[in-house]
Structures are given as C-alpha cells and as structure tokens.
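Below you'll find the structure, written out as structure tokens, and then a few comments.
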Amino acid sequence: MQETRYDAIVVGSGISGGWAAKELTEKGLRVLLLERGRNIEHVKDYVNATKPPWAFPHRGRRTQEMERRYPVLKRDYPLNETNLDYWVKDEESPYTEIKRFDWYRGYQVGGRSLMWGRQSYRLSDFDFEANARQGIGTDWPIRYAEIAPWYDYVEAFAGIAGSREGLPQLPDGHFQPAMPLNCGETLVAQRLRKAFGGKRRLIPGRVANLTQALPGRTQCQYRNACWLGCPYGGYFSTQSSTLPAAMATGRLTLKPFAIVTEIVYDKDAGRATGVRVLDAVTDATTDYSARVVFLCASTLNSTWLLMRSATDVWPGGLGSSSGELGHNLMDHHFRLGASGSIEGLTDKYVYGRRPTGFYIPRYRNLFGDKRPYLRGFGYQGSASRRDWSRAVAELGVGGAFKDAAARPGEWTIGGTGFGEMLPSHDNKVSLDPQKKDKWGLPVLAIDCAMGENELLMRKDMTADMAEMLTAAGVRDVKTFDEDYFPGMGIHEMGTARMGRDRRSSVLNKWSQVWDCPNVFVTDGSGMASAGCQNPSLTYMALTARAADHAVNELNRRNL
C-alpha cells in the first residue's frame with residue numbers, strides 16, 4: 001500500500017521544486033515531490049545529448065508534421081527535432097489565448113531546468129524599491145539585504161560563473177571564475193567603457209555552467225548542447241544538482257505522472273491538509289496529506305491550482321481574497337537590438353562552444369538618467385567569426401570557392417535587449433469554463449499584452465544598441481526587431497504576487513498564501529515586479545528562504 005502521509009508536499013520538480021525538495025529533506029522533513037510529467041533520469045535519459053547533427057533524421061530541424069502537431073511551439077525556436085520530448089504537447093495541454101501569449105512549457109521531472117538559458121542575475125534594490133517609489137503595483141515586502149544571504153547560498157551550490165563588477169544595479173555574487181569574453185567582445189567592451197565613461201558596461205554573461213567542478217558534477221565541456229541534458233552535470237538542473245541532494249537524505253519520494261488537481265483545504269482549521277492527485281496514466285485519484293505544501297509548478301500552473309482550490313470558501317480560489325490572484329502577469333520583452341561587423345582580429349578565433357555570451361547591465365533611468373518610460377533593460381549577445389554558412393547564398397563552384405568557404409569570415413557582434421514589463425492588473429489569467437485538456441481539466445485563458453511603457457522602451461532598446469556598437473567602431477551596424485508577443489521570453493512572472501498587505505497581494509514576505517499560511521508559492525508566481533534580469537536565480541533564493549522559514553514555523557508549531 002502506498003504511503004499517503006508526509007511532512008511536506010512539493011508540487012512541481014523544476015528549478016523551484018527541486019530546491020524546495022532539497023531544502024526540506026535536508027532539514028529533516030519527509031517530502032513527497034509530485035511531477036505531472038514523466039521521469040527523466042540523469043545521464044541515462046539524455047538520449048540525444050551526444051548525437052551529432054547528422055544522426056538526426058532531419059538534421060535537428062522541424063518538419064511539417066511537427067508544425068501541425070505543435071501550433072504554439074512552432075512560433076519560435078523550441079520546436080526542433082533535438083529535444084522535442086522536453087516540451088509540452090500542445091494537443092494534450094491546450095490553453096485559450098484571449099490575446100496572443102506564447103506559452104512554452106516543460107512537463108517532466110526537472111521541468112524547464114533541463115533546457116533553460118542558465119543566465120543568472122541578482123535583483124537589486126533598484127528593483128525591489130521601484131514599485132513603491134513609482135506607485136506601481138504593490139511594494140515588494142523584502143529588500144536586497146534580506147535576500148542577499150540566500151543568493152549567496154544558492155549560487156554556491158548551483159555554481160554560477162561570473163565576474164565581479166561592483167555595479168549597484170547588478171549586485172555581485174558568490175561566483176566561480178567567469179567564462180571570459182572572446183577577443184571581439186573584449187575589444188568592444190574596452191571601447192564601450194571609454195566611449196560612455198563606464199556607465200555602459202559589457203561584461204561576461206553570468207551563467208549556471210561550472211568553470212570549476214563541484215561534488216558529483218564536472219566543469220562545463222564547452223559543448224553548448226545544454227538543452228539536450230548534460231551527462232557531465234556541467235550546468236545546474238534539478239537532475240544534476242538538487243534532486244541527488246534530496247535523494248541522498250533518504251527522505252524524498254518522487255512521484256511522476258502525478259497531476260495535482262486541487263489543494264485540499266480545511267476551512268475550520270484555516271489550513272491545507274494536502275493535495276488531490278490525478279494519475280496521468282490510469283486516471284485514478286489519490287489524496288496525499290502533509291503539514292505544508294509548496295507550489296512550484298511554474299507561474300501559471302501554480303495559479304491554476306490555487307484557482308481550483310477552496311472555491312467553496314473563496315469563489316476565485318485559494319488566495320483570491322485580495323482580488324489579485326491571476327492578475328499582474330509579466331514577461332520580459334525582447335527580440336530586438338542591433339548587430340554589425342568588427343574590423344581586424346583576422347588572426348584570432350573563438351575557443352570551444354562557450355554556452356554564454358556577454359551581458360550589458362541596465363543603465364537607463366538610473367543615476368540621473370531620465371527617459372519617457374519607467375524602468376529599463378539589459379542586453380545579451382556575443383561576438384563570433386562568420387562560418388561556412390555565409391557562402392550558402394552565393395554562387396560559386398570549384399576549389400577556390402571551397403577554400404573560401406572553409407576559411408573563417410569576418411568578426412561580427414550583436415546584442416538583444418531584454419526589457420522590464422510593468423505589472424498591470426489588466427494582464428491576467430482565468431479558468432476557461434468551456435475548454436478542457438486531455439484529462440478533462442479546465443485550461444487557462446490568458447489575456448496579456450504589452451503596454452505603452454514597454455512600447456516606448458523598445459525604441460531605446462534598438463537605438464541604444466546601434467549607438468553603442470557605432471561608438472565602439474563596429475561597422476555596417478543594422479538594427480532588428482523580430483516582433484514580440486508576451487510569453488516568448490519564457491520568463492512568465494506574477495499572478496500570485498507577494499506584498500506587505502493581504503488586501504493587495506496573494507503572498508506574504510515569506511511566500512506564504514495570506515489566506516492559508518501552510519501553503520507556500522515559490523516559483524515566478526510571487527514576483528511583484530519583473531526587473532530586466534533573468535529571474536530564475538531569484539526563484540532559487542526565494543525558495544530556499546521560504547523552506548527555511550517553513551521548517552522554523554513547523555518547529556514552533558505555528559503551522
């Protein structure tokens with residue numbers, strides 16, 4: 001007979017869920033980790049990790065049949081032959097787009113920690129104080145000093161390669177040695193710093209790839225195939241890092257194919273007693289009980305679950321008493337910038353396949369700069385030498401043509417802006433009363449769009465990159481804007497924001513649901529604002545912090 005009683009239940013096994021499982025088990029709790037998708041075992045199940053391109057039937061690309069079966073995924077890069085099984089099947093798990101929203105999901109053990117971009121940056125008090133200072137949304141209930149020790153903690157375990165820069169808008173961390181800039185990037189970085197008096201800086205991208213080995217993990221092999229799963233454990237994922245640590249305690253039970261459909265709530269006690277689980281294979285339903293529940297199912301799925309729970313008490317679901325559950329959905333808007341060619345350096349080349357590039361931290365609306373919009377943006381990009389593909393569009397035959405194609409081309413450099421989206425009550429999700437998924441469960445309806453602030457910001461995001469490249473001596477500079485719709489950044493945040501007041505937020509400062517303090521939500525749902533930095537490192541820190549608080553409260557018998 002299977003065990004149904006645990007000290008803690010964690011819903012979702014991605015970046016946040018893995019951290020919750022690790023922290024709670026290491027602090028002595030018996031934990032059930034529930035994942036709605038299949039299991040993927042470290043190394044063994046990375047079936048494409050070492051395949052060369054020619055070993056794929058379609059050389060890793062997409063087919064017309066794939067485009068037919070994945071109408072959402074085909075909108076951008078996730079639809080390809082190399083890791084298709086890591087992405088959700090659109091036909092099994094649909095959703096309703098009131099406005100276009102590109103929702104790219106990963107339902108398996110490890111979630112999107114298997115194929116995330118690994119860029120890892122801290123938020124600063126410029127981010128934590130912005131809402132209060134500008135009267136936007138709700139004030140973050142924490143400041144940088146409170147989360148800084150937890151950033152230190154998760155960085156040391158995850159392994160973040162980065163350089164110390166002393167920038168107040170992008171705090172330094174507990175870093176392994178950075179993956180250095182290549183010679184093209186170094187040249188532009190030097191010129192950029194001189195041209196703008198150090199106010200605009202090009203630095204190595206801070207990335208969750210090891211440059212020094214950690215226990216059970218080997219340093220990055222510079223294969224740049226992270227999205228296939230890394231047999232070496234060279235980048236942080238649930239499989240390589242937090243799951244082995246949790247399993248080593250002997251207190252973790254992992255259950256895949258387990259779709260949590262409801263948080264079971266005792267209205268007399270004012271507490272959750274556990275969760276209801278639908279077996280994704282057999283359709284059997286089982287209730288599991290625990291003293292605390294951690295929701296780490298990813299931003300929109302955690303909110304979906306809250307909306308389906310305790311509806312006999314709150315029609316809008318558990319945590320809806322403020323009227324903010326489901327609202328304030330955010331992403332990072334991007335897909336625009338500039339690129340050009342670097343003269344010289346023809347006797348130099350790149351080393352390996354580095355899995356990161358450069359980062360230009362935010363500089364707008366800081367230190368006296370004032371723009372016609374709020375907040376700001378950063379850039380991610382890289383420099384490289386053009387390869388043989390530059391010759392594909394040319395007409396040529398013979399040995400001389402082959403020799404030319406075999407030689408590296410000129411150096412190029414480009415950067416893509418990532419901008420902050422303001423929290424807006426009008427950007428929201430709700431349960432669709434008509435549409436169902438494969439298991440007969442209601443799906444989310446998503447209503448989200450960029451506002452005037454984002455549209456104004458995007459003008460600077462293209463113009464500034466062109467300005468910087470030109471000032472650095474880059475020639476033939478061209479801007480690009482490849483069009484963006486919310487969701488494409490795969491950084492969905494909000495919909496269950498934390499705050500200081502239960503009347504205007506869903507979670508308190510410890511990531512607890514105001515209405516039900518033994519339920520913690522520690523994925524992107526709780527973000528009160530987005531910043532312009534990649535958010536996953538903040539999820540890790542908030543999760544570790546919440547787990548510590550949960551165990552302390554259990555020991556004090558407050559939960």
Side-chain angles (χ1 to χ4, degrees), residues 75-77 100-102 117 119 121 126-127 169-170 181 184-185 187-189 191-203 205 330-343 356-384 386 410-422 424 448-491 530-534:
R75 297 172 184 174
D76 207 350
Y77 77 91
R100 176 173 165 177
F101 189 92
D102 294 11
Q119 293 293 296
Y121 303 98
F126 288 109
D127 305 298
Q169 73 272 38
L170 192 74
L181 300 173
E185 295 160 354
L187 178 65
V188 170
R191 292 175 176 175
L192 195 65
R193 192 161 184 164
K194 183 177 180 181
F196 292 94
K199 293 182 178 179
R200 303 189 192 184
R201 301 267 289 275
L202 190 155
I203 67 174
M330 301 168 286
D331 187 26
H332 287 134
H333 60 101
F334 73 126
R335 291 170 61 89
L336 75 176
S339 61
S341 301
I342 305 172
E343 291 186 299
T356 188
F358 66 72
Y359 188 66
I360 298 177
R362 175 185 165 190
Y363 52 85
R364 285 300 187 196
N365 288 319
L366 297 174
F367 317 120
D369 178 73
K370 181 64 177 174
R371 305 302 293 171
Y373 51 83
L374 300 176
R375 316 292 168 93
F377 49 88
Y379 291 98
Q380 296 176 32
S382 63
S384 62
R386 298 183 69 190
E410 64 186 352
W411 279 88
T412 62
I413 188 169
T416 298
F418 284 76
E420 178 166 356
M421 179 182 286
L422 294 179
S424 169
C448 184
M450 284 192 294
E452 184 63 23
N453 198 73
E454 290 78 48
L455 295 174
L456 286 171
M457 186 187 297
R458 289 176 75 81
K459 296 177 181 178
D460 271 4
M461 291 166 73
T462 49
D464 281 14
M465 193 69 219
E467 178 188 33
M468 286 186 283
L469 293 180
T470 300
V474 176
R475 60 181 177 83
D476 298 329
V477 174
K478 294 180 175 62
T479 61
F480 63 90
D481 186 341
E482 297 175 344
D483 212 1
Y484 163 84
F485 290 91
M488 297 182 87
I490 322 185
H491 293 166
C532 64
Q533 304 93 309
N534 300 56

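Bear in mind that the values here come from a model prediction, so they are computed numbers and not experimental data. Positions are given from 1 along the sequence.
Judged as a salt bridge (Lys or Arg N to Asp or Glu O under 4.0 Å), and not counting sequence neighbours, E482 has no contacts. When the side-chain contact (heavy atoms from CB on, under 4.5 Å) test is applied to L366, the partners found at least two apart in sequence or on another chain are F126, Q169, R362. Residues meeting the side-chain contact (heavy atoms from CB on, under 4.5 Å) test with F196, sequence neighbours left out: L192, R200, E467, M468, A471. In this structure R100 satisfies the salt bridge (Lys or Arg N to Asp or Glu O under 4.0 Å) test together with D102, sequence neighbours excluded. Under the side chain to side chain donor-acceptor pair (under 3.5 Å) criterion, Y121 pairs with Q119, sequence neighbours left out. With sequence neighbours excluded, the residues satisfying side chain to side chain donor-acceptor pair (under 3.5 Å) with S341 are E410. Scanning for ring pair (Phe, Tyr, Trp, His ring centres under 6.0 Å) contacts around H491 gives H332, with sequence neighbours left out. The side-chain contact (heavy atoms from CB on, under 4.5 Å) check on S384 picks up T412, with sequence neighbours excluded. Among residues two or more places apart in sequence or in another chain, the side chain to side chain donor-acceptor pair (under 3.5 Å) test is passed with D481 by R458. With sequence neighbours excluded, the residues forming a side-chain contact (heavy atoms from CB on, under 4.5 Å) with I203 are S163, E165, L170, R201, R206, Y359, P361, listed by chain and number. Annotation: ring pair (Phe, Tyr, Trp, His ring centres under 6.0 Å) contacts of Y363 (sequence neighbours excluded): F377.
Scanning all heavy atoms of the two residues, the minimum distance from T462 to F480 falls at CG2-O, 3.6 Å. What you find for G378 and C532 is that their closest heavy atoms are N-SG, 3.7 Å. Taking each heavy atom of A189 and L181 in turn, the nearest pair found is CB-CD1, 4.2 Å. Counting all heavy atoms, side chain and backbone alike, Q380 lies closest to N534 at NE2-OD1, 2.8 Å. The shortest heavy-atom contact between P486 and M450 is CG-N, 4.2 Å.
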Derivation and outcome, side-chain contact (heavy atoms from CB on, under 4.5 Å), residues M421 and N453: CA-CA 8 Å; M421 179 182 286; N453 198 73; over 6 Å; no

Does the pair T479 and L336 meet the rule for a side-chain contact (heavy atoms from CB on, under 4.5 Å), with working shown? CA-CA 7 Å; T479 61; L336 75 176; over 6 Å; no

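In this structure, CG in L187 is found 10.5 Å from CD in E343, a value given to the nearest 0.5 Å. Here the CZ-CD1 distance, from R191 to I342, works out to 8.0 Å after rounding to the nearest 0.5 Å. In this structure, CG on N365 lies 7.0 Å from CG on L374, to the nearest 0.5 angstrom.
Remark: side-chain polar atoms of D331 are paired, donor with acceptor, to backbone N or O of G487 under 3.5 angstrom.
Judged as a salt bridge (charged side-chain N to carboxylate O under 4.0 Å, His left out), the pairs with a partner in residues 369-384 (not counting sequence neighbours) are, in order, R364-D369, R371-D460, R375-E420.
In this structure, M457 and H333 have side chains that are in contact, with non-hydrogen atoms separated by less than 4.5 Å.
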